[in-house]
Each structure stands twice: as structure tokens, then as C-alpha cells.
Amino acid sequence: MAIVVQKYGGTSVGSIERIKNVAKRVIKARTSGKEVVVVVSAMAGETDRLIGLIKEITDDPPPREYDMVVSAGEQVSAGLLAITLCNMGCRAKALLAYQIPIITDSRHTSARIERINTESILKELEKGYVVVIAGFQGVDRAGNITTLGRGGSDTSAVALASALGAELCEIYTDVDGIYTTDPSIYEKARKLKKISYDEMLEMASLGAKVLQTRSVEFAKKYNVRLLVRSSFRDVEGTLVCKEDEEMEKVVVSGVTYNKDEAKISVVRVPDKPGIAARIFRPLTEEGINVDMIVQNISHDGFTDLTFTVSEKDFKRAFELVKRVAQEIGAKDVEGDTSIAKVSIVGAGMRSHAGVASRMFETLAKEGINIQMISTSEIKISCVVDVKYTELAVRVLHDAFGLEEEEVKEEK
Ligand code: ASP
Ligand code: MG
């Protein structure tokens, strides 16, 4: 019999009423003749609550004990779902990671899955049980409980689907699927039928917070088909899968934005070898991620260097860079937190010319100034004044015809 893995997020198991609703879905899949393995998150807000309790004691807990606490939410939701299923006449058994086991490395709070013993799961399936597994957690070789990072039950589900050779990994959440842009800022946003792993990775890291990035990387590596869909409404979701020919014909699949960025410019830096390293090394050492970097060609031996960091790191980064700037004889350091990054993403960009210029012209027509630009094979990002974020998203969405069903560009 074919195995399907269904993962339910925190809002989907947020109350007993909702857990009953989930149980109905599980039973439906079961009666359609599938072996069902369910992975659950903690009930909505529960993981935050547990972290809050720890914070009341200390900001710096021992990571092993932190995992002991935060992994607990999933135990409760897994047990509650199994009880609900049994109560509805469906044999079910809840399992924690160590009972399977799902072996991870020992990096507490962001462990990586190394191996899953599928035998224990298959044995229960054979006996006719639906297996409900606590997501987000693992166990290291020494028997310590680990967790996979926030949002990690997506990764649990994908890893289980891969290990079990499941035909599909369904991710049930509070949205209908992946949209061409954020429906809350543009009503013309359209749900995508399909999206490639690479596009999804670009979209995920750009702020479409539907799937944990690592779960998509995992799915890509092991070729696990993911179906993102709503646990509340019976509508078709979005399939995340390998790129196919049809996808290549679509130039742009989505427009994303991120307002949590800030810009730092080092003005009139002496243009000498080693300057960039001097500026960025202290940031790396402090664990501050730099996103976009732009350096101008130099005039009379001086250059300007501008880069972005996430807004939460801005103050620290600014102080660090000010110090370095003095040491290396730069004229000034300027900071700006009122910026946003607006991006277009699409696998078809690889084979289509003129996408960037269309993006720039579209923004120019609205009088939106582009402060920085960066590109990858399947993405173009522009930094603009934050007040233009929504406008930029809408005009780009229109310019690339994203509202229309199955837009296809002829060469
Ligand atoms: N409960 C965990 C969290 O809130 C894991 C998850 O929901 O995927 O991050
Ligand atoms: Mg999630």
C-alpha cells in the first residue's frame, strides 16, 4: 500500500475542535486506501509559551535542557491526535522521536537528522495503526533529546517521507498554498498550482514563511514531492516539485518583499586590497549576516561600499562598522532602516532575456528609485524606500502578468 505523510502545523492542531477536524482528514486518507503517517507541530503558541518560561529563568539556558523543554509541545499534540483518532474508531499510536528513533547530530536547538529507523514505523502500519509522530524533535546517539530549529516539524515530515519512500508529503497549514505574492497586500495574488524547489527556496528565504527553508532543501535533495494545502478548506494546494518544462515557460512565478532589512553605507573608503575583508570580518565574527553588497568603482582612490543586514542586527552592525571605518580612514558611515527589498522570482529567467530591464522600467514608471540591485539565476532583487513596498509589489505583479491563470510567454 502507498504511504502518505501528512504534516499538520500549529494552527491546524490549535484546539481540540481543530484536532477533531484533522482526525477526520486522516481517516479520509486512510479509508481511501493509504497508509498514513502523521507528523504534528505543537499547538499554536505552545512552543513560544515554553520558551517564555525558560526566559523567565535565564537568557542563556544549557542547550540540552532547552531542547528538553521546547520539544514537549509536540508530545502533547501527538498524543491528543492519537486519542481523538482512537475515539473516532481509527486505531492510532503516537510516537516520540526517540521511540522510532529519529537520530540527529548533537547540535542542540538546530540539530540535523542523520538517520531514521523506519522499521518501527512500518511495523505499526502493518498492524493497522495510523502512526502519529511528534515533529521538531530528534535524539542524538548518546540518547539526548534534540530539536531541529523553529519550524522544524516541516523537516521532520520531509525526512520521514523520504525515509519511508512516501508517494507524497502533504503539508497542512493555515493558508491554501503558495501565492504569486502576499494576498494581504495585493488582492490579485494567485495561488500557484506548482512551483519548483529552487523557486520555493528563493520565496521562503524572502519572507513567504510557509515552509521551513531547510525542509525545502531536504525535499530537493531527496526529491520528495510536497503538497502545501489548507487544513481548513477543501481546496487544491500548491505542489512543490522538480522543475519541469511547463515551469520554464513561466518567466516570473512570484513577487516577494522583505521590510526587515536595513542599509549601511561606508562613504569614501580608501580603495585598497583588504578593505572589504576589514569591514566584513567583525560582522561575521559577531554572527551578523550580510545580504546584498554593492561597491562602486573608485574615483581618485576612494570608493563607497553599501550593504544590507537584517533590521534586528542593524544597531550592532552600525556600531561595529563605525569603529572599523575610523581605523581604515573612511569619511563617514550612513545608516538607513526605512528600506525594503522587493524581488521577482522565476525559474524561467534562466532562458529569458529582458526580465531585469522590465523590472527596472516598471519601477521607474512609478517614480520608485532603486537604491541597490542584486541578481541570481532565478531572482532579481531591488532595494527601495520602504514606503513604496506595496506599490512596487503591485506594479511588478501586473507587469509580469501574474494574476492570469497559467501565464505563458512565447519566445
Ligand atoms: N513547534 C515548533 C515551532 O513552533 C516546530 C514547528 O512548529 O514546526 O517552531
Ligand atoms: Mg511552520
Side-chain angles (χ1 to χ4, degrees), residues 1-50 71-96 121 124-125 128-137 150-158 160-161 164 166-179 183-184 191 193 209-212 215 225-240:
M1 246 199 291
I3 298 177
V4 61
V5 172
Q6 298 189 330
K7 182 257 169 178
Y8 292 92
T11 45
S12 304
V13 294
S15 66
I16 297 301
E17 212 40 52
R18 289 181 171 181
I19 290 177
K20 285 183 185 165
N21 182 45
V22 165
K24 281 185 202 148
R25 275 190 187 279
V26 172
I27 291 171
K28 201 169 141 196
R30 186 81 191 86
T31 39
S32 78
K34 305 243 189 285
E35 302 273 27
V36 189
V37 173
V38 186
V39 176
V40 289
S41 289
M43 295 169 84
E46 183 60 12
T47 307
D48 287 336
R49 189 184 73 85
L50 296 172
S71 61
E74 274 72 9
Q75 175 165 355
V76 173
S77 49
L80 288 173
L81 177 57
I83 292 172
T84 310
L85 285 163
C86 292
N87 204 41
M88 290 180 169
C90 172
R91 299 178 77 198
K93 201 176 251 190
L95 293 175
L96 297 176
I121 301 169
E124 301 300 344
L125 290 175
Y129 286 102
V130 164
V131 178
V132 183
I133 297 171
F136 182 47
Q137 53 177 259
R150 294 308 304 268
S153 46
D154 291 337
T155 301
S156 308
V158 173
L160 281 159
L164 291 163
E167 58 173 19
L168 187 63
C169 180
E170 296 181 329
I171 307 280
Y172 285 92
T173 176
D174 49 3
V175 294
D176 290 349
I178 311 298
Y179 279 75
S184 72
K191 190 173 58 196
K193 282 203 170 75
K209 295 177 186 77
V210 187
L211 288 167
Q212 195 200 31
S215 72
R225 286 150 55 88
L226 299 177
L227 182 62
V228 178
R229 55 185 306 191
S230 164
S231 64
F232 303 113
R233 306 197 316 134
D234 237 332
V235 291
E236 222 182 303
T238 302
L239 186 68
V240 187

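Any value given below was found using the heavy atoms of this structure, including those in side chains, with hydrogens, waters and symmetry copies removed. Worth saying up front: this structure is predicted, and the values here are computed from it rather than measured.
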TODO: List in chain and number order the residues that pass salt bridge (charged side-chain N to carboxylate O under 4.0 Å, His left out) with D174, two or more places apart in sequence or in another chain; answer none if no residue qualifies.
DONE: none
Task: Full working for side-chain contact (heavy atoms from CB on, under 4.5 Å) between K7 and I171 - done: CA-CA 5 Å; K7 182 257 169 178; I171 307 280; 4.1 Å; yes
Task: Taking every non-hydrogen atom, the tightest pair across A166 and V4 - done: CB-CA, 4.5 Å
TODO: Quick one: list whatever passes side-chain contact (heavy atoms from CB on, under 4.5 Å) with I16, sequence neighbours left out.
DONE: I19, K20, L80
Task: Inter-residue atom distance E170.CD - L239.CG, 0.5 Å rounding - done: 10.5 Å
Task: Qualifying side-chain hydrogen bond (donor to acceptor under 3.5 Å, both in side chains) pairs with a residue from residues 225-238, counting only residues at least two apart or across chains - done: S12-S231, D176-R233
Task: Nearest non-hydrogen partners of N21 and F232, listed with the distance - done: ND2-CD2, 4.4 Å
- [ ] Supply the atom-to-atom distance L164 CG to I3 CD1, rounded to the nearest 0.5 angstrom.
- [x] 5.0 Å
Task: Nearest atoms (heavy-atom pairs only) where V5 meets A161 - done: CG2-CA, 3.7 Å
- [ ] Please report the closest heavy-atom contact between A134 and L96, naming both atoms and the distance.
- [x] CB-CD2, 3.7 Å
Open item on the list: If you define the side chain from C-beta out and look only at heavy atoms, does anything of M1 sit under 4.5 Å from L125?
Closed with: no
Task: Shortest non-hydrogen contact between L211 and D154, atoms and distance - done: CA-OD2, 3.5 Å
Open item on the list: Which residues pass the ring pair (Phe, Tyr, Trp, His ring centres under 6.0 Å) test with Y172, not counting sequence neighbours?
Closed with: Y8
TODO: Indicate yes or no for a side-chain donor-acceptor contact from Q212 to the backbone of S153 under 3.5 Å, with no hydrogens or angles considered.
DONE: no
Open item on the list: So, taking the atom named CG in L81 and the one named CD1 in I133, what distance separates them when rounded to the nearest 0.5 Å?
Closed with: 11.5 Å
Open item on the list: Going by salt bridge (charged side-chain N to carboxylate O under 4.0 Å, His left out), name the residues that satisfy it together with E46, two or more places apart in sequence or in a different chain.
Closed with: R49
Open item on the list: Within the structure provided, determine whether V13 and E74 are in side-chain contact (heavy-atom separation under 4.5 Å).
Closed with: no
Open item on the list: List the residues meeting side-chain hydrogen bond (donor to acceptor under 3.5 Å, both in side chains) with S77, not counting sequence neighbours, and say none if there are none.
Closed with: none
Open item on the list: Filter on ring pair (Phe, Tyr, Trp, His ring centres under 6.0 Å), then keep only pairs touching residues 11-36, sequence neighbours left out; what's left?
Closed with: none
TODO: Output every pair passing side-chain hydrogen bond (donor to acceptor under 3.5 Å, both in side chains) with a member in residues 82-94, not counting sequence neighbours, ordered by first then second residue.
DONE: R91-Y129, K93-E124
- [ ] Would you confirm whether S156, through its side chain, and F136, through its main-chain N or O, come within 3.5 Å as a donor-acceptor pair?
- [x] yes
Sequence neighbours left out, cut at 3.5 Å: what donor-acceptor pairs do the side chains of residues 29-39 make with other protein atoms?
from, atom 1, to, atom 2, distance (Å)
R30, NH1, K34, O, 3.0
T31, OG1, I27, O, 2.8
T31, OG1, K28, O, 3.1
S32, OG, A29, O, 2.8
K34, NZ, E167, OE2, 3.4

TODO: Mind listing the closest non-hydrogen atom pair of G14 and M43 along with its distance?
DONE: O-CE, 3.6 Å
